[in-house]
Visitor: 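Structure in structure tokens, see below.
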Amino acid sequence: MTILVAVADDEASSRVIDTAVALGSGLNVPLYVVHLVDDADADRAAERMRDELTERLAGEPVEATVSLEYVGRYGRRPGTRIASELLEIAEDVDISHIVMGHEAKGLGGRLRSGDAAFAVVNETAVPVTVVPPVAD
């Protein structure tokens with residue numbers, strides 16, 4: 001069993017990683033940390049993020065694998081695409097838990113782009129920990 005940890009290039013990623021490390025080390029379960037990218041040819045910024053995450057997790061008391069995964073550009077809204085990709089990864093990697101962030105978008109934002117966290121929670125059979133945004 002493995003914990004799937006979805007990170008983005010945003011402020012919430014640090015809290016998502018902290019939460020996942022606490023869960024993984026407490027449950028003695030490895031982490032599969034994934035950063036979803038829009039382009040099949042990951043750019044240097046995404047590769048740098050992967051390298052920084054790998055370095056950060058090296059000193060943690062939990063085994064972790066960090067990966068860049070391609071998000072296909074098909075007709076779905078971005079949040080729905082991300083959720084779909086995460087659910088596919090969860091099936092492929094024998095995931096027992098998912099940890100991901102959530103950014104409040106308001107009704108208009110959810111209608112335009114979808115909401116990955118809500119879609120994952122609604123579609124998966126494994127527990128999901130959603131790390132909320134920092135309150136202003």
Visitor: Does the side chain of Leu4 come within less than 4.5 Å of His97's, by heavy atoms?
Guide: no
Visitor: Any chance you could measure Thr124, atom OG1, to Ile95, atom CD1, to the nearest 0.5 Å?
Guide: 9.5 Å
Visitor: Looking at every heavy atom in both Thr2 and Val93, which two are closest together, and how far apart are they?
Guide: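 Thr2 and Val93 have their closest heavy atoms at OG1-O, 4.2 Å.
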Visitor: Of Val128, Val21, Leu23, which meets side-chain contact (heavy atoms from CB on, under 4.5 Å) against Val99?
Guide: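 One option only clears the test, and that one is Leu23.
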Visitor: Find out if a path of hydrophobic residues (ILVMFWY) with successive side-chain heavy-atom gaps under 4.5 Å connects Met1 to Ile89.
Guide: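 No.
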Visitor: What heavy-atom pair brings Val29 and Ser96 nearest, and what distance separates the two atoms?
Guide: CG1-OG, 4.3 Å
Visitor: Under the criterion side chain to side chain contact (heavy atoms under 4.5 Å, CB included), I'd like the reasoning laid out for Val5 against Met100: C-alpha separation, chi angles, the key distance, then a yes or no.
Guide: CA-CA 6 Å; Val5 185; Met100 62 189 302; over 6 Å; no
Visitor: So, taking the atom named CG in Leu86 and the one named CG in Leu36, what distance separates them when rounded to the nearest 0.5 Å?
Guide: 5.0 Å
Visitor: Can you tell if the side chain of Glu91 reaches within under 4.5 Å of the side chain of Glu88, non-hydrogen atoms only?
Guide: no
Visitor: Of the non-hydrogen atoms in Ala8 and His35, which two are nearest, and what is the gap between them?
Guide: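 Taking Ala8 first and His35 second, the nearest heavy atoms are CA-ND1, 3.8 Å.
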Visitor: Sequence neighbours excluded and cut-off under 3.5 Å, please list the side-chain donor-acceptor pairs for residues 54-68, or say none.
Guide:
unit_1	atom_1	unit_2	atom_2	d
Thr54	OG1	Arg50	O	2.9
Arg56	NH2	Asp18	OD1	2.2
Ser67	OG	Tyr32	OH	3.3
Ser67	OG	Glu69	OE2	3.1

Visitor: Taking all heavy atoms of Ala117 and all of Val130, pick out the closest pair and write down the distance.
Guide: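 Here Ala117 and Val130 meet closest at CB-CG1, 4.2 Å.
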Visitor: Counting only heavy atoms not in Asp92, do more than 12 fall under 6.0 Å of its CG?
Guide: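 Correct, the count exceeds 12.
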Visitor: Shortest non-hydrogen contact from Val7 to Met49?
Guide: CG2-CE, 3.8 Å
